[in-house]
Peer 1: 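The structure's right below; bear with me while I get my questions together.
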Amino acid sequence: KSAIKAQGSSRLKSHVLIPKVSRLMSNVLSPVPDTMEQHIETIARGVCIRNGKVLLCLPKDRSYSYLPGGHIEFGETGREALVREMKEETGLDATAGELLGVVESSFVQKGERHCEINLIYAMEIESKAEVEVEQRNVQSLESWICFDWVDCDKLDTANLLPPEMKPYCHTGTTNLHCSTSTSDFD
């Protein structure tokens with residue numbers, strides 16, 4: 001009890017009790033082996049549009065694409081995570097703007113179930129050479145991904161995942177929108 005009073009009761013309780021309740025409920029609803037960790041990934045994604053093109057992130061095999069960004073770490077806001085991820089992945093400074101929407105996604109990748117909540121923000125890439133950023137692909141600092149500018153009108157050919165993110169990739173999209181998707185891919 002003294003630890004609860006010193007730390008603040010709601011903070012300590014949420015870290016101690018909620019994971020236990022969460023695990024119990026998930027096992028009741030969907031039994032899984034104890035060796036499999038279940039969690040919902042919270043991800044910040046950015047929509048950066050320049051000259052009718054949106055910046056997308058792709059695996060090196062270019063089999064699909066997704067909005068750039070990454071996992072929100074404990075203690076970070078979604079905006080902070082997006083700015084950090086862009087710096088880590090590209091070396092470029094970014095600004096995360098308005099929250100455009102939320103997309104829930106559940107999918108199987110390489111035999112493993114993933115569940116995500118994606119916070120989608122308007123994003124600008126800051127650079128001393130704005131023209132340079134617009135005229136070439138943004139370079140990745142990570143070996144397994146690449147970036148590409150794709151015409152907003154040609155997103156079908158980019159295999160954007162989850163597909164519910166497509167409406168956010170058009171100029172002037174500012175309405176808060178929530179959607180859910182479930183898909184399987186390898």
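In this text the structure is predicted, and so the values were computed from the model without any measurement.
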Peer 1: Pairs in or reaching into residues 52-61: which pass salt bridge (charged side-chain N to carboxylate O under 4.0 Å, His left out), with residues at least two apart or in two chains?
Peer 2: none
Peer 1: With a 4.5 Å limit on heavy-atom distance, are the side chains of Val83 and Thr95 in contact?
Peer 2: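 Not in contact.
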Peer 1: Partners of Glu88 by salt bridge (charged side-chain N to carboxylate O under 4.0 Å, His left out), sequence neighbours excluded?
Peer 2: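 Expected list: Arg84.
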Peer 1: Considering non-hydrogen atoms only, spot the tightest contact between Gly78 and Ala44 and give its length.
Peer 2: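 Closest approach of Gly78 to Ala44, heavy atoms only: O-CB, 3.2 Å.
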Peer 1: Group every Ile, Leu, Val, Met, Phe, Trp and Tyr by side-chain heavy-atom contacts under 4.5 Å, then state whether Ile43 and Tyr168 land in the same group.
Peer 2: no
Peer 1: By side-chain hydrogen bond (donor to acceptor under 3.5 Å, both in side chains), which residues pair with Thr42, not counting sequence neighbours?
Peer 2: none
Peer 1: Considering all heavy atoms of both residues, which atom of Cys169 and which atom of Leu160 are nearest to each other, and what is their separation?
Peer 2: SG-CD2, 3.9 Å
Peer 1: If two hydrophobic side chains count as joined below 4.5 Å and joins carry through other members, does Met86 share a cluster with Trp149?
Peer 2: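 Yes, because Met86 and Trp149 connect within a single hydrophobic cluster, where side-chain heavy atoms sit under 4.5 Å apart.
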Peer 1: Which distance, rounded to the nearest 0.5 Å, do you find between the OH of Tyr66 and the CG of Asn159?
Peer 2: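 Rounded to the nearest 0.5 Å, the OH-CG separation comes out at 12.5 Å.
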Peer 1: Of the non-hydrogen atoms in Leu141 and Lys87, which two are nearest, and what is the gap between them?
Peer 2: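 Leu141 and Lys87 have their closest heavy atoms at CD1-O, 4.0 Å.
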Peer 1: Sort out for me which residue in Met165, Glu98, Glu164 forms a side-chain contact (heavy atoms from CB on, under 4.5 Å) with Ile120.
Peer 2: Met165
Peer 1: Between Arg45 (side chain only) and Leu67 (backbone N and O only), is there a donor and an acceptor less than 3.5 Å apart?
Peer 2: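 Present.
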Peer 1: Nearest 0.5 Å, please: how far is CD in Gln109 from CZ in Arg113?
Peer 2: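 CD of Gln109 is found 11.5 Å from CZ of Arg113.
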Peer 1: Of the non-hydrogen atoms in Ser65 and Leu56, which two are nearest, and what is the gap between them?
Peer 2: OG-CD1, 3.5 Å
Peer 1: May I ask whether Leu99 and Met123 are part of the same hydrophobic cluster, defined by side-chain heavy atoms of I, L, V, M, F, W, Y residues being less than 4.5 angstrom apart, directly or through others?
Peer 2: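 Hydrophobic grouping puts Leu99 with Met123.
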Peer 1: What is the minimum heavy-atom distance between Leu155 and Lys166, and which atoms define it?
Peer 2: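 Smallest interatomic distance, heavy atoms only, reads CD1-CG, 3.8 Å.
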Peer 1: Atom CG of Leu100 and atom CG of Asn118: how far apart are they, to the nearest 0.5 Å?
Peer 2: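 Between Leu100 CG and Asn118 CG, I get 12.5 Å after rounding to 0.5 Å.
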Peer 1: Let's go through Leu119 and Arg79 carefully: what are the C-alpha distance in whole Å and the side-chain angles of both, what is the deciding distance for side chain to side chain contact (heavy atoms under 4.5 Å, CB included) to 0.1 Å, and is it a yes or a no?
Peer 2: CA-CA 9 Å; Leu119 305 178; Arg79 285 181 179 87; over 6 Å; no
Peer 1: From Tyr64 OH over to Leu161 CG, what is the distance, rounded to the nearest 0.5 angstrom?
Peer 2: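 The OH atom of Tyr64 sits 7.5 Å away from the CG atom of Leu161.
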Peer 1: Are any of the side-chain heavy atoms of Pro162 and Val103 separated by less than 4.5 Å?
Peer 2: yes
Peer 1: Excluding sequence neighbours, so at least two apart, what forms ring pair (Phe, Tyr, Trp, His ring centres under 6.0 Å) with His114?
Peer 2: Phe107
Peer 1: Using the salt bridge (charged side-chain N to carboxylate O under 4.0 Å, His left out) criterion, which residues pair with Asp153? Sequence neighbours excluded.
Peer 2: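 With neighbours one apart ignored, the set is empty.
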Peer 1: Using the test side chain to side chain contact (heavy atoms under 4.5 Å, CB included), find all partners of Ile40 that sit at least two apart in sequence or belong to another chain.
Peer 2: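 Residues passing side chain to side chain contact (heavy atoms under 4.5 Å, CB included) with Ile40: Cys115, Ile117.
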Peer 1: Run the side chain to side chain contact (heavy atoms under 4.5 Å, CB included) test on Asp148 and Leu58 for me, step by step, so that the C-alpha distance in whole Å, both residues' side-chain angles and the decisive distance to 0.1 Å come before the verdict.
Peer 2: CA-CA 8 Å; Asp148 200 4; Leu58 304 91; 3.7 Å; yes
Peer 1: Kindly give the heavy-atom pair with the smallest separation between Val138 and Phe147, and that separation in Å.
Peer 2: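 Heavy atoms of Val138 and Phe147 come nearest at O-CB, 3.4 Å.
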Peer 1: Apply side chain to side chain contact (heavy atoms under 4.5 Å, CB included) to residues Thr90 and Ser140 and explain how you reach the verdict.
Peer 2: CA-CA 5 Å; Thr90 68; Ser140 175; over 6 Å; no
Peer 1: How long is the span from the NE2 atom in His39 to the CD atom in Glu116, to the nearest 0.5 Å?
Peer 2: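 These two atoms lie 9.5 Å from each other.
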Peer 1: Could you tell me the separation between the CD atom of Glu41 and the CD1 atom of Ile72, rounded to the nearest 0.5 Å?
Peer 2: 11.5 Å
